[in-house]
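The block underneath contains the structure these notes are about, expressed in structure tokens.
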2 protein chains.
Amino acid sequence: MPIRKQKEFIEAVQEAAEQPLKQDHLLSLVGYNCRRAYLTIVPLFDERMAQYNLKPAEFSVLSLLKANPNITQKRLSAAVNVSPPNLAIMLDKLEQRGLVLRQRNPLDKRSQTLILTEAGTELCMQSERTTGELEAEATAMLTDQERAQLLGLLQKIFVRE
Amino acid sequence: MPIRKQKEFIEAVQEAAEQPLKQDHLLSLVGYNCRRAYLTIVPLFDERMAQYNLKPAEFSVLSLLKANPNITQKRLSAAVNVSPPNLAIMLDKLEQRGLVLRQRNPLDKRSQTLILTEAGTELCMQSERTTGELEAEATAMLTDQERAQLLGLLQKIFVRE
DNA sequence: TATTGTTATACTCTATAACTATA
DNA sequence: TATAGTTATAGAGTATAACAATA
């Protein structure tokens, strides 16, 4: 590299090191911002939910089954965005842990209906309490009104009519 | 199963099949809503950005390098939430494609500074235009004011002071 | 001794194809 | 023939440990 270019390069590197990070375009994208916000909440989720040995997707399944007893795996699969093969494996584990019960659907023996066991219901109630608390902490910088507004705006994006 | 229980079960399954899905608790969680909104935008991103052969993380890197020429891998790694080992591999690919240039930092030869090549800059400009368009479509149900509000609320969650 | 970046590797998550049993 | 669920497997994404070069 010629000396003149070299000098310019050093100055540019120095300049770059001193500048705060610019990310105007990325910060204008809803998708990027959703991901960033999600990624700040997840570690707290993992930390607080470790006591129940529940991952985010597993918690979603339990919460959905508590609110919708006897739904089929098909509907559950669509609701939690977990493909049937992966859901089957997750349900195997939850069933082995005695949290979930699979029953043949008497109205259509191809499908299976799902309910929480008593232990599953209890664990779900505890973990819903914990998620409520952890969420409140993770979004403590928002007023109740802002938080409600945020939920409403996000749901406009993904709730189907 | 006794006949009486069996009859109750069939009724419960029928009832469940007719009910709309209840997901009150999940919909009250910011983290869950962020993820759901993100997951509705990503497929459109993948579809529109396939022409550039850019994944979300790769696009973030290009956009950040365009706005912050000559920053180090260390800072970039922190900014895009990609661990140094994984960033190294991603940069190998981007460098092989002639989009990015790595240079030893003359001020500290442990680190490397990064800039976009001319081709990288051009691809970044095109893809930023595309992301802008795709985002507008994915969030077309929001008014401009709502969209700005949403970005502001999300950033309150993850922007560090 | 600490830091930047790399290599190798493993683990989790997600996606796909082929199979079964029912309809 | 089509559908619900399963099995097996592969791929993408992410995380960790150990190393080389430099400070």
Side-chain angles (χ1 to χ4, degrees), chain A residues 13 16-17 31-32 35-36 38-40 42-43 45-47 49-50 53-61 65 70-96 100-115, chain B residues 13 16-17 31-32 35-36 38-40 42-43 45-47 49-50 53-61 65 70-96 100-115:
Chain A
V13 169
Y32 181 80
R35 181 168 163 77
R36 291 291 302 268
Y38 175 71
L39 288 178
T40 61
V42 165
F45 182 101
D46 290 341
E47 180 193 319
M49 299 292 277
N53 192 20
L54 287 178
K55 291 166 202 165
E58 292 169 335
F59 167 70
S60 297
V61 163
L65 290 184
N70 296 302
I71 63 169
T72 64
Q73 285 189 210
K74 168 108 174 143
R75 280 189 81 191
L76 180 62
S77 172
V80 297
N81 238 311
V82 174
S83 67
N86 297 325
L87 183 60
I89 294 169
M90 190 196 299
L91 289 173
D92 285 345
K93 290 179 195 162
L94 294 176
E95 205 172 21
Q96 275 165 24
V100 165
L101 198 64
R102 277 192 263 215
Q103 296 176 287
R104 271 298 145 203
N105 182 348
L107 302 172
D108 180 344
K109 284 173 190 159
R110 291 174 300 184
S111 67
Q112 305 204 82
T113 62
L114 303 161
I115 49 168
Chain B
V13 169
Y32 180 81
R35 182 169 162 75
R36 290 291 300 269
Y38 175 71
L39 288 179
T40 61
V42 164
F45 182 100
D46 290 341
E47 180 193 317
M49 298 292 277
N53 192 20
L54 287 179
K55 293 168 202 164
E58 291 169 335
F59 167 70
S60 296
V61 163
L65 290 184
N70 296 302
I71 63 168
T72 65
Q73 285 189 212
K74 168 103 175 146
R75 278 188 83 190
L76 180 63
S77 172
V80 297
N81 237 314
V82 174
S83 68
N86 297 326
L87 183 59
I89 293 169
M90 190 197 298
L91 288 173
D92 284 345
K93 291 179 195 161
L94 295 176
E95 205 171 22
Q96 276 166 23
V100 164
L101 198 64
R102 278 191 264 213
Q103 296 175 285
R104 271 297 145 203
N105 182 347
L107 303 171
D108 179 345
K109 285 174 191 160
R110 289 174 303 186
S111 67
Q112 305 205 79
T113 63
L114 303 162
I115 50 169

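Every chain is numbered from 1 and lettered A, B, ... according to where its sequence line falls, protein lines coming before strand lines. In what follows, every heavy atom counts, from backbone to side chain, and hydrogens, waters and symmetry copies are set aside.
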Discussion item. Rounded to whole Å, how long is the line connecting atom CG of B/N86 with atom P of C/dT9?
Written reply: 15 Å
Item to complete: Applying side chain to side chain contact (heavy atoms under 4.5 Å, CB included), run through B/I115 and B/L65 and close with a yes or a no.
Response: CA-CA 6 Å; B/I115 50 169; B/L65 290 184; over 6 Å; no
Discussion item. I need the OH-P distance between A/Y38 and D/dT14, as an integer number of Å.
Written reply: 11 Å
Worksheet item: Of the nucleotides C/dT22, D/dG13, D/dA15, which has the atom closest to the B/S83 side chain?
Response: D/dA15
Worksheet item: Can you find a donor-acceptor pair, distance only, under 3.5 Å between A/N105 side chain and D/dA4 base?
Response: no
Item to complete: Measure the distance from CD on B/E95 to P on C/dG5 and round it to the nearest whole Å.
Response: 13 Å
Practice prompt. Using a 4.0 Å heavy-atom cut-off across all strands, classify A/R75 as base, sugar-phosphate, or nothing.
Written response: nothing
Discussion item. In whole Å, I'd like the distance from the NZ atom of B/K74 to the C1' atom of C/dT3.
Written reply: 7 Å
Fill in: Side-chain donor or acceptor of A/S77 paired with backbone N/O of A/V82 under 3.5 Å
yes
Worksheet item: If you take atom types as modelled and just measure distance, does the side chain of A/D108 reach the base of D/dA4 with a donor-acceptor pair under 3.5 Å?
Response: no
Item to complete: Find which nucleotide of DNA chain C each of B/T72 and A/V82 is nearest to by heavy atoms, and output the residue with the more 5' nucleotide.
Response: B/T72
Discussion item. Of the options D/dA21, D/dT6, C/dA23, whose atoms approach the side-chain atoms of A/R110 most closely?
Written reply: C/dA23
Worksheet, complete the sentence: Rounded to whole Å, CD1 of B/I89 lies from C1' of C/dT4 at a distance of 16 Å
